[in-house]
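Heads up: the structure comes next, in C-alpha cells.
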Amino acid sequence: MRLYRRLTFGRLAQFDVLDTRQYRSDQAYGDGWQVPGPESEDPSRTLTGATQERWLVDGWRRSRARWNVLPQQVVFAERRDRPTAGFKLSMDSWDGYPASRQRILAGAEAAGVENLMVLTGDVHVSYGLDLKADFRDPASRTVGTEIVTTSITSGKDGADRPSNHDTLMRANPHLRFFNGRRGYAKVSSAARAPAPTSVRSRT
C-alpha cells in the first residue's frame with residue numbers, strides 16, 4: 001500500500017509525508033540500541049527505499065513553498081545514548097541508516113531547500129534538534145530543524161526532566177530541547193523569522 005504522499009498549502013508549506021516502515025532495509029545488529037559499525041553504516045542501506053527517496057528529492061526540486069516540512073515516524077537526527085566512547089544508537093531510527101539520512105540531506109541541499117523541518121513521533125518525549133551537516137562535528141553547519149512530539153497518554157504524565165535528560169543533552173550538542181511531559185507540540189513561526197521560533201509541550 002502506498003502511504004507516502006505530498007500535501008501543499010499554497011506557497012506557504014509543502015508536506016512530504018514519508019513511510020519509513022514498508023521499504024526499509026532490515027534493522028542492523030538485530031535492532032535496539034547498539035554500537036554502530038560496518039553493518040549499520042553500509043552505504044547501500046535505506047530507510048525509505050530508492051523510489052520514495054527519488055520522489056522526495058524530486059518534489060523538493062519543484063517546491064516553491066516557504067516551508068518544506070517532512071513528517072515521518074522515527075528520530076532523524078543522531079541521538080547518542082552517552083557522551084563517552086562506546087556510545088550506542090537506535091538501529092530502528094535514522095541512526096541505523098546514516099547513509100540513507102545523508103542522501104536525504106544532500107538531496108535537500110542540491111534542491112536548494114533552505115528551510116527544512118522534520119516532524120517526528122514515536123519516542124514518547126519532546127525533542128528540539130538541529131540537523132547538522134555532520135553530526136559528529138558540533139561546529140558543522142545546521143541544515144534544518146527537527147521537532148519530535150511526545151505521546152498523549154503513554155507513561156502517565158511523564159516528567160519535565162527524564163532521568164536521562166542531562167546525559168542525552170551532553171551527548172548530543174545539537175539537542176536543544178528535551179522534555180518528557182505528555183501532551184502535544186506546537187510549532188509556529190514569527191512573521192519575519194526564517195526558522196521555527198517555539199516549541200510548546202502541554203498536557
Are [X] and [Y] connected, step by step, through hydrophobic side chains (Ile, Leu, Val, Met, Phe, Trp, Tyr) whose heavy atoms are closer than 4.5 Å?
X	Y	result
Ile147	Val143	no
Tyr4	Leu116	yes
Leu12	Leu119	yes
Tyr127	Phe135	no
Leu105	Val148	no

To the nearest 0.5 Å, what is the distance between [atom1] on [X] and [atom2] on [Y]?
X	Y	atom1	atom2	answer
Ile104	Leu70	CD1	CG	7.5 Å
Thr153	His124	OG1	NE2	8.5 Å
Thr8	Arg6	OG1	CZ	9.0 Å
Asp31	Ser90	CG	OG	7.0 Å

Shortest non-hydrogen contact from [X] toward [Y]:
X	Y	value
Phe87	Pro36	O-CD, 3.6 Å
Ala77	Leu129	CB-CD2, 3.9 Å
Lys132	Asp137	CE-O, 4.4 Å
Tyr23	Gln52	CD1-NE2, 3.5 Å
Trp60	Gly107	CE3-C, 4.1 Å
Asn68	Ser63	OD1-OG, 2.8 Å

Answer yes or no: is there a side-chain heavy-atom contact under 4.5 Å between [X] and [Y]?
X	Y	answer
Glu78	His174	yes
Val75	Val123	yes
Arg5	Phe15	no
Asp16	Val69	no
Phe178	Met169	yes
Leu131	Phe76	yes
Val74	Trp94	yes
Thr145	Val118	no

Discussion item. Determine whether Arg181 and Ser126 satisfy the following criterion, side chain to side chain contact (heavy atoms under 4.5 Å, CB included), listing intermediate values before the conclusion.
Written reply: CA-CA 8 Å; Arg181 289 287 184 191; Ser126 295; over 6 Å; no

- Task: Take Lys88 and Asp81 through the salt bridge (Lys or Arg N to Asp or Glu O under 4.0 Å) test and state the conclusion after the steps.
- Result: CA-CA 6 Å; Lys88 294 180 179 180; Asp81 72 333; 5.9 Å; no

If only atom types and distance count, is the side chain of [X] paired as donor or acceptor with the main-chain N or O of [Y] below 3.5 Å?
X	Y	result
Asn172	Leu168	yes
Ser154	Ser151	no
Gln22	Asp19	no

Task: Qualifying residue for side-chain hydrogen bond (donor to acceptor under 3.5 Å, both in side chains) with Gln72, from Thr120, Asp122, Thr20 - done: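 Testing each of Thr120, Asp122, Thr20 against Gln72, the sole residue satisfying side-chain hydrogen bond (donor to acceptor under 3.5 Å, both in side chains) is Thr120.
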
* Are Glu109 and Arg103 close enough, and set up right, to give a salt bridge (Lys or Arg N to Asp or Glu O under 4.0 Å), and what steps lead you there? -> CA-CA 10 Å; Glu109 182 176 17; Arg103 287 194 299 271; over 6 Å; no

Exercise for the section: Might you confirm whether atom CZ of Arg82 has over 12 heavy atoms from other residues, nucleotides or ligands at distances under 6.0 Å? Expected result: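 Above 12, so yes.
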
_Test side chain to side chain contact (heavy atoms under 4.5 Å, CB included) on Gln14 and Arg64; report intermediate values, then the result._
CA-CA 8 Å; Gln14 176 171 299; Arg64 296 297 179 267; over 6 Å; no

Carefully, step by step, assess Tyr29 and Ser40 under the rule side chain to side chain contact (heavy atoms under 4.5 Å, CB included). CA-CA 7 Å; Tyr29 300 114; Ser40 61; 3.9 Å; yes

Sidechain N-carboxylate O distance under 4.0 Å for [X], [Y]:
X	Y	value
Arg80	Asp95	no
Arg45	Glu53	no
Asp134	Arg141	no

message = Apply salt bridge (Lys or Arg N to Asp or Glu O under 4.0 Å) to residues Glu146 and Arg176 and explain how you reach the verdict.
response = CA-CA 10 Å; Glu146 180 175 14; Arg176 301 305 186 108; over 6 Å; no

Requested in this report: Would you kindly say whether Asp42 and Ser44 are connected by a side-chain donor-acceptor distance under 3.5 Å?
Outcome: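 Yes, a side-chain donor-acceptor pair sits under 3.5 Å.
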
Quiz item: Do Thr46 and Arg24 pass the side chain to side chain contact (heavy atoms under 4.5 Å, CB included) test, and can you show the C-alpha distance, the side-chain angles, and the key distance before you say yes or no?
Solution: CA-CA 6 Å; Thr46 178; Arg24 62 163 59 194; over 6 Å; no

